[in-house]
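Remember, predicted model here, so these are calculated numbers, not experimental data.
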Amino acid sequence: MADTIADTRRLFSKPQNLNDAYGPPSNFLEIDVSNPETVGVGRTRFTTYEIRLKTNLPIFKLKESRVRRRYSDFEWLRGELERDSKVVVPPLPGKALFRQLPFRGDDGIFDDSFIEERRAGLEQFLNKVAGHPLAQNERCLHMFLQDESVDKTYTPSKIRQA
């Protein structure tokens, strides 16, 4: 009978000190998508987003980086990850085709509320993807997050920890 009763004794753990409680986390990866900027005119008009990364994960060569990307770059990254990794890649926020129609009463895809909604969706997408251990090994993710420009002719490969 005693064998079937769950053991309710507390696990012994070492007491937490101030450094454990308030020191830097053991592993962290922070990605913010912010500061949208719309550039160009007419058909060449598009919005870019600033991507800021801070991490102490050894797989990333830079512990802090800041790059600008447009929506089509996010589409490229998603396609690369779907093709080359074993990761189930989350969806991007939609293309908003209806917002691109002429004669709308607002600025369409350049409307502030739409840009903010898309920014939040892109940030959520990036944090999900970059937080996945298998995706962290993909060269395309590192290039997207840390290189000044995206070389879409790169050779897909895995990143080895430094």
On a heavy-atom basis, which atom in [X] and which in [Y] lie closest, and how many Å separate them?
X: Trp76; Y: Cys140; answer: CH2-CB, 3.7 Å
X: Arg69; Y: Ile51; answer: CG-CD1, 3.5 Å
X: Val89; Y: Arg78; answer: O-NH2, 3.2 Å

Leu92 and Glu75: side chain to side chain contact (heavy atoms under 4.5 Å, CB included), yes or no, with the steps? CA-CA 8 Å; Leu92 284 168; Glu75 289 179 310; 3.8 Å; yes
What verdict does the salt bridge (Lys or Arg N to Asp or Glu O under 4.0 Å) test give for Glu50 and Arg52, after you've listed the backbone C-alpha separation in whole Å, the side-chain angles of each residue and the deciding distance to 0.1 Å? CA-CA 6 Å; Glu50 182 178 70; Arg52 289 186 310 230; 3.5 Å; yes
Counting only N and O atoms by type, is there a donor-acceptor contact under 3.5 Å from the side chain of [X] to the main-chain atoms of [Y]?
X: Ser65; Y: Leu145; value: yes
X: Asn127; Y: Ile31; value: yes
X: Thr44; Y: Gly40; value: no
X: Asn56; Y: Phe28; value: yes
X: Lys63; Y: Phe60; value: yes

With side chains defined as the heavy atoms from C-beta onward, is the minimum distance between [X] and [Y] less than 4.5 Å?
X: Arg70; Y: Asp73; answer: yes
X: Val33; Y: Leu126; answer: yes
X: Glu64; Y: Leu53; answer: no
X: Lys61; Y: Gln146; answer: yes
X: Gln136; Y: Thr55; answer: no
X: Asp32; Y: Glu123; answer: yes
X: His142; Y: Ile59; answer: yes
X: Phe46; Y: Ser72; answer: no

Please step through salt bridge (Lys or Arg N to Asp or Glu O under 4.0 Å) for the pair Glu116 and Arg119, ending with a clear verdict. CA-CA 5 Å; Glu116 173 53 27; Arg119 183 212 59 78; 2.9 Å; yes
Could you check Val129 against Val87 for side chain to side chain contact (heavy atoms under 4.5 Å, CB included), going step by step and ending with a plain yes or no? CA-CA 8 Å; Val129 166; Val87 178; 6.0 Å; no
Can you confirm whether the side chains of [X] and [Y] place a donor and an acceptor under 3.5 Å from each other?
X: Thr48; Y: Arg68; answer: yes
X: Tyr49; Y: Glu37; answer: no
X: Ser113; Y: Asp111; answer: yes

Establish whether Tyr154 and Ile159 are linked, either directly or via other cluster members, by ILVMFWY side-chain heavy-atom contacts under 4.5 Å. yes
Tell me whether Leu57 shares a hydrophobic cluster with Leu141, the cluster being built from Ile, Leu, Val, Met, Phe, Trp, Tyr side chains joined at under 4.5 Å.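 Yes; Leu141 is reachable from Leu57 via cluster members.
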Start with the C-alpha gap between Asp147 and Met143, add the side-chain angles, then the distance that decides, and say whether side chain to side chain contact (heavy atoms under 4.5 Å, CB included) holds. CA-CA 5 Å; Asp147 290 1; Met143 185 175 20; 3.3 Å; yes
Any chance you could measure Leu122, atom CG, to Ile115, atom CD1, to the nearest 0.5 Å?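 Answer for the CG-CD1 pair, Leu122 versus Ile115, is 11.5 Å.
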Value rounded to 0.5 Å, distance of NZ in Lys54 from CG in Leu62: 14.0 Å
Sub-6.0 Å ring centroid separation between Phe144 and Phe74: yes
Salt-bridge contact Arg83-Glu80 (side-chain N to carboxylate O under 4.0 Å):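 Glu80 and Arg83: salt-bridged.
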So is Arg118 actually on top of Tyr71's ring, under 6.0 Å and inside 45° of the axis?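 Yes.
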